[in-house]
There are 2 protein chains.
Amino acid sequence: MNDVPATRSGRAPRGRAAAVGLSREQVISAAIAQIDAKGLSAFSLRELARGLGVSPAVIYWHVGGSKEDLFAAIAATITGQLAAAQDPLAPWTDRLRQVFLAYRASVHRHPNVSPLLGAQMKSNGVANLDWIEIVLAALSDGGFQGDALRNAFNALIGGLCGFVTVELAPAPSSEDGAWQDRVAARMAEVDPEAYPLTHAALPELANRIFVLRWQNGAQVPYDDSYTVLLDLLIDGLAARARSSATLETPEPLHG
Amino acid sequence: MNDVPATRSGRAPRGRAAAVGLSREQVISAAIAQIDAKGLSAFSLRELARGLGVSPAVIYWHVGGSKEDLFAAIAATITGQLAAAQDPLAPWTDRLRQVFLAYRASVHRHPNVSPLLGAQMKSNGVANLDWIEIVLAALSDGGFQGDALRNAFNALIGGLCGFVTVELAPAPSSEDGAWQDRVAARMAEVDPEAYPLTHAALPELANRIFVLRWQNGAQVPYDDSYTVLLDLLIDGLAARARSSATLETPEPLHG
DNA sequence: ATTTTCAATTGAACATCGTTCTATTGATGG
DNA sequence: CCATCAATAGAACGATGTTCAATTGAAAAT
């Protein structure tokens with residue numbers, strides 16, 4: 001929040017900026033729009049500048065020193081709005097559910113950006129500290145502390161965010177259907193004798209097992225699987241919290 | 001296995017190949033070695049060709065038509081060896097545990113390649129059908145079928161593979177420590193009043209919550225968190241399998 | 001009113017990349 | 001001995017990320 005490179009001062013824009021008037025926020029949201037539209041692999045800084053009717057160097061001036069800085073800003077923008085979706089009075093298990101459903105919904109709105117979120121999750125820390133705090137608070141209310149808290153936190157974040165990242169990752173590159181064709185070919189060559197269960201699952205489940213299917217731009221929901229995963233994790237944590245008042249090895253806080 | 005582009009015939013190599021003798025397998029393993037050494041973002045086909053002392057066009061001849069085909073081949077190579085690590089006589093819960101521990105161990109050996117595995121997981125189908133079959137068979141032995149089977153499968157694959165992908169994703173780009181510095185700066189600016197639990201967790205947990213830490217090239221293990229996640233999922237599935245003989249909505253097979 | 005400052009932008013330039021195309025080589029099968 | 005063809009080389013094309021030396025013109029300082 002404070003490491004914005006001294007760009008947006010209160011003073012009105014000077015120079016040619018008065019005529020064109022480009023801001024850091026506009027650059028970022030234009031980048032998100034382009035990634036949503038054409039896919040992440042088709043995105044380039046030059047295309048972004050072209051779409052904005054501007055020289056490529058402008059991107060560097062507004063956003064930072066590299067393409068990865070742009071990506072980090074994009075990730076922060078997308079995950080920066082989900083702390084609100086939580087009822088602080090609800091039981092801790094419900095709060096966890098709310099927070100992770102909000103995360104999925106947030107990523108759902110920009111599927112092509114999801115690989116960025118996974119990558120930025122650790123190299124920059126999770127972009128949104130409010131979100132971390134909410135998860136830690138819920139687990140803390142559940143009685144987790146020390147190593148048990150850390151493991152529960154990592155299991156939740158890694159498992160659920162990883163699910164979203166993996167299942168949403170490779171956007172169907174807009175127009176060309178070569179992607180779907182390869183999947184179909186791959187599925188057609190499954191040997192019924194060598195892989196009986198896989199083969200039996202295919203006709204019924206279509207490619208829902210292998211890929212996230214897209215139909216006229218809207219994805220066939222993976223909601224059920226995500227919900228199952230969420231329930232398995234939260235129910236499991238709740239059961240562990242009930243079974244032992246002091247969890248795991250209750251080591252003294254030496255800080 | 002059979003869509004290898006007619007490269008490796010039984011006949012001995014002709015032309016200059018007799019002098020240099022490059023094979024598809026050598027190209028792939030050289031690529032893996034370079035990604036392991038320099039990181040995924042620093043990898044390029046030209047560098048690969050340079051390292052092999054060969055023209056860039058050779059890569060295309062051996063591997064296929066694009067860089068993504070190389071990546072697909074790499075993913076298939078890495079995940080192609082883990083079907084064996086499983087005792088078919090063990091209970092289904094144990095078999096699941098063995099299979100997913102083997103997956104993590106396999107990715108662990110090539111952390112820089114992990115983003116490729118996540119991406120290829122759906123766009124090409126999981127590279128290794130044996131692996132899918134084992135997971136499906138274990139769940140089937142647990143009594144899962146129909147939608148319940150699909151959801152359990154997706155939850156396991158998405159959650160556990162996603163965990164590995166997310167936690168291992170951004171390789172520390174070999175020499176420059178700018179990465180770690182940014183993380184440290186990010187952590188130093190956590191406001192104790194706004195984020196009390198996050199701040200309290202920091203000194204004890206260091207950056208284990210945020211990042212996969214690297215110390216002289218070896219990673220601080222996330223084993224505990226992964227094991228917690230694995231146990232939560234398998235125990236939860238086992239409990240559901242026990243609680244209802246016929247799971248969820250047992251719809252008739254109409255195929 | 002003049003000068004200085006400096007946010008904001010331009011355009012050219014560089015090295016590198018993925019990819020394609022047209023030779024060329026030389027062992028092998030006929 | 002010849003024709004084939006697997007396997008390579010090398011040049012070329014367009015696009016990309018990034019840097020850098022100008023340039024503009026409104027606001028601040030004088």
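Chain letters run A, B, ... following the sequence lines, proteins first, then strands; residues in each count from 1. This is a predicted model, so every value here is computed, not measured.
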field: Nucleotide-resolved protein contact map, nucleotides 11-19 of chain C, B/S/- at heavy-atom distance under 4.0 Å
entry: B-B---BBB
Exercise answer: donor-acceptor pairs, residues 47-56 of chain B side-chain atoms, under 3.5 Å, sequence neighbours excluded:
| residue | atom | partner | partner atom | Å |
| --- | --- | --- | --- | --- |
| Glu47(B) | OE2 | Arg50(B) | NH1 | 2.6 |
| Ser55(B) | OG | Ala57(B) | N | 3.3 |

field: Sequence-distant partners of Ser66(A), side chain to side chain donor-acceptor pair (under 3.5 Å), two or more places apart
entry: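 With sequence neighbours excluded, Ser66(A) shows a side chain to side chain donor-acceptor pair (under 3.5 Å) to Asp69(A), given in chain and number order.
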message: Rounded to whole Å, how long is the line connecting atom CD1 of Ile59(B) with atom P of dT8(D)?
response: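 In whole Å, dT8(D) P lies 10 Å from Ile59(B) CD1.
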- request: Report the distance from atom CH2 of Trp61(A) to atom C1' of dA22(D), rounded to the nearest whole Å.
  value: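 Taking atom C1' of dA22(D) as the reference, CH2 of Trp61(A) is at 17 Å.
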task: Mind checking the CD1-CZ spacing from Ile157(B) to Phe100(B)? Nearest 0.5 Å is all I need.
output: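 Spacing of CD1 (Ile157(B)) from CZ (Phe100(B)) equals 4.5 Å.
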message: With a 4.0 Å limit, can you tell me whether His62(B) has a side-chain N or O closer than that to the phosphate oxygens OP1/OP2 of dA6(D)?
response: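 Answer no for this pair, as no side-chain N or O of His62(B) is under 4.0 Å from OP1 or OP2.
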- prompt: Who pairs with Ala73(B) by side chain to side chain contact (heavy atoms under 4.5 Å, CB included), at least two apart in sequence or on another chain?
  reply: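 So Ala73(B) forms a side chain to side chain contact (heavy atoms under 4.5 Å, CB included) with Arg24(B), Ile28(B).
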Check: Gln34(B) side chain, Ala31(B) main-chain N or O, donor-acceptor pair, under 3.5 Å: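 Checking the backbone N and O of Ala31(B) against the side chain of Gln34(B), no donor-acceptor pair under 3.5 Å is found.
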